K.L.:
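One structure, pasted below without further comment.
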Protein chains: 2
Amino acid sequence: MEYVEAKEKFISTWGSLGTLWGINKAMAQIQALLFISTKPLSMEDIMEELKISRGNTSMNLRQLIDWGIVTKVLVSGERKEFFTTEKDVQELARTIAKERSRREIKPVIKVLEEVSSIKDDGTEKTKELIKQTKALRELTDDLDALMNKLVNQKQNWLTKSVIKLMK
Amino acid sequence: MEYVEAKEKFISTWGSLGTLWGINKAMAQIQALLFISTKPLSMEDIMEELKISRGNTSMNLRQLIDWGIVTKVLVSGERKEFFTTEKDVQELARTIAKERSRREIKPVIKVLEEVSSIKDDGTEKTKELIKQTKALRELTDDLDALMNKLVNQKQNWLTKSVIKLMK
DNA sequence: ATAAACTTTCAATAATTATTGAAAGTTTAA
DNA sequence: TTAAACTTTCAATAATTATTGAAAGTTTAT
């Protein structure tokens, strides 16, 4: 496999994987492109490489910046903006995990709390609703805590965690 | 909040959360409905409660069965099929984690392996592609291993894991 | 103040994904 | 074997989501 084929394969796989971490295809592809680029890219560069429109590029870049995954960089002598992504995979994973917790998991926990704390009217179905949503809330809470725990340990958090859990 | 409102809120929240664990809305809603039901439900019951068509119900139930989350149950004296879902949240989480690993994470690891093992032609961009996809492969591998580790400990895996990681 | 260089916005459109419903298929009972 | 009871399939359609492109907006240089 040659460079160009490998690059395209990586970008498209990472793009379709976007859903796994909750973002759209173009967003994931832009991030992938920046991730393997040796230098910051302009909007023009990105449009050309991925064959997507200016509007699409602009919107998705802004979202990536909003997620804290991409940053603008100033290239001296150049008027247009250039962009780069976090290059350290562990830092990247940390950022994504935190954002997903904030955007998706926390709101769900809130709903589960509301639902699980309705008045028990003594009927079987109400008891079941309360019991099951409470269990789900506890699980979600624990998973979220675990994820944040993992992700907040700086340096080699993954390796360390794996070792701890092996014992 | 009354029972009916709470139930609807739970089903719709869980439904829209479907994307987080990679399944569609109807599938997630059917699972949610079964999860808080005190007894197995028939296709008719599900169609009526969720106001979805027979075809949709049939297809999504099959998918849930395929995921190993829902099972058919025989109700004596009844000709039609009834369905129930895994009621234990920890077991449910275990099943989902395993399926996602198998369906999504493993195939991505494979692609990352292929891409990261292309021939190093000495150019900077090739070196960067290899380096970054290798790092991503290691991270993905580790996360997958960690997840499987967590999920394979029977009884109270989550609590135990949280405790271990706190140390 | 003007204009060139660049970015953002957003209504229109395209692409994708989910849903319907009716016909075909299957199982069971008599 | 027939027919009723039930489930599955799948082409058509609806709903949702992503993308375009051109007009409007912004910034910078002169």
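Quantities reported herein were computed from a predicted structural model and do not represent experimental measurements. Order of the sequence lines fixes the chain letters, A, B, ..., with proteins taken first and strands second; residue numbering starts at 1 for each chain.
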K.L.:
Could I get the full list of side-chain hydrogen bond (donor to acceptor under 3.5 Å, both in side chains) partners for B:D121, not counting sequence neighbours?
P.N.:
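Only B:T123, B:T126 meet the side-chain hydrogen bond (donor to acceptor under 3.5 Å, both in side chains) criterion with B:D121.
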K.L.:
Excluding sequence neighbours, so at least two apart, what forms salt bridge (charged side-chain N to carboxylate O under 4.0 Å, His left out) with B:K98?
P.N.:
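With neighbours one apart ignored, the set is empty.
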K.L.:
Reading 5' to 3' and counting Watson-Crick or G-U wobble pairs with both distances under 3.5 Å, write the dot-bracket notation for DNA chain D, | for bases paired outside the strand.
P.N.:
||||||||||||||||||||||||||||||
K.L.:
Under 3.5 Å, sequence neighbours excluded: what are the donor-acceptor pairs made by side chains of residues 8-15 of chain B?
P.N.:
unit_1 : atom_1 : unit_2 : atom_2 : d
B:K9   : NZ     : A:E114 : OE1    : 2.4
B:T13  : OG1    : B:K9   : O      : 2.7
B:W14  : NE1    : B:Q31  : OE1    : 3.2

K.L.:
Of the residues in residues 50-59 of chain B, which ones touch DNA chain C at a heavy-atom distance under 4.0 Å?
P.N.:
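Residues of residues 50-59 of chain B that come under 4.0 Å of DNA chain C are, in numerical order, B:K51, B:I52, B:S53, B:G55, B:N56.
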K.L.:
Which nucleotide of DNA chain D is the first, and which the last, in the 5' to 3' direction, to come under 4.0 Å of a heavy atom belonging to chain A?
P.N.:
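Reading along DNA chain D, I get D:dA18 to D:dT28.
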K.L.:
Under a 4.0 Å N-O cut-off, is there an ion pair linking B:E128 with B:K125?
P.N.:
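Here B:E128 does not pair with B:K125 in a salt bridge, since their nearest N and O are not under 4.0 Å apart.
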K.L.:
Could you list all the salt bridge (charged side-chain N to carboxylate O under 4.0 Å, His left out) pairs where at least one residue sits in residues 45-55 of chain A, not counting sequence neighbours?
P.N.:
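The answer is A:K7-A:E49, A:E44-A:R54.
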K.L.:
Within the 3.5 Å criterion, strictly below it, is a donor on B:K106 or B:S101 matched to an acceptor on the partner's side chain?
P.N.:
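Yes, side-chain donor-acceptor contact under 3.5 Å.
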K.L.:
For atom NZ of B:K134, is the number of surrounding heavy atoms from other residues, nucleotides or ligands below 6.0 Å larger than 12?
P.N.:
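No, not enclosed.
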K.L.:
Mind checking what makes side chain to side chain contact (heavy atoms under 4.5 Å, CB included) contact with B:E78, not counting sequence neighbours?
P.N.:
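Expected list: B:V75, B:K80, B:F82.
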K.L.:
Would you tabulate the side-chain donor-acceptor contacts of residues 57-74 of chain A under 3.5 Å, counting partners in other chains and residues two or more places apart, or write 'none'?
P.N.:
unit_1 : atom_1 : unit_2 : atom_2 : d
A:T57  : OG1    : A:S53  : O      : 2.7
A:N60  : ND2    : A:N24  : OD1    : 3.3
A:K72  : NZ     : A:E81  : OE2    : 2.7

K.L.:
List the residues meeting side chain to side chain contact (heavy atoms under 4.5 Å, CB included) with A:E124, not counting sequence neighbours, and say none if there are none.
P.N.:
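Result, side chain to side chain contact (heavy atoms under 4.5 Å, CB included) vs A:E124: B:T38.
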K.L.:
Of all residues at least two apart in sequence or in a different chain, which pass the salt bridge (charged side-chain N to carboxylate O under 4.0 Å, His left out) check with A:R137?
P.N.:
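Applying salt bridge (charged side-chain N to carboxylate O under 4.0 Å, His left out) to A:R137 gives A:E113, A:D141.
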K.L.:
Contact list please: residues 67-85 of chain B against DNA chain C, heavy atoms, distance less than 4.0 Å, in numerical order.
P.N.:
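Under 4.0 Å from DNA chain C: B:R79.
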K.L.:
After noting the C-alpha distance and the side-chain angles of B:L92 and A:L139, does the key distance pass the side chain to side chain contact (heavy atoms under 4.5 Å, CB included) rule?
P.N.:
CA-CA 10 Å; B:L92 188 63; A:L139 177 85; over 6 Å; no
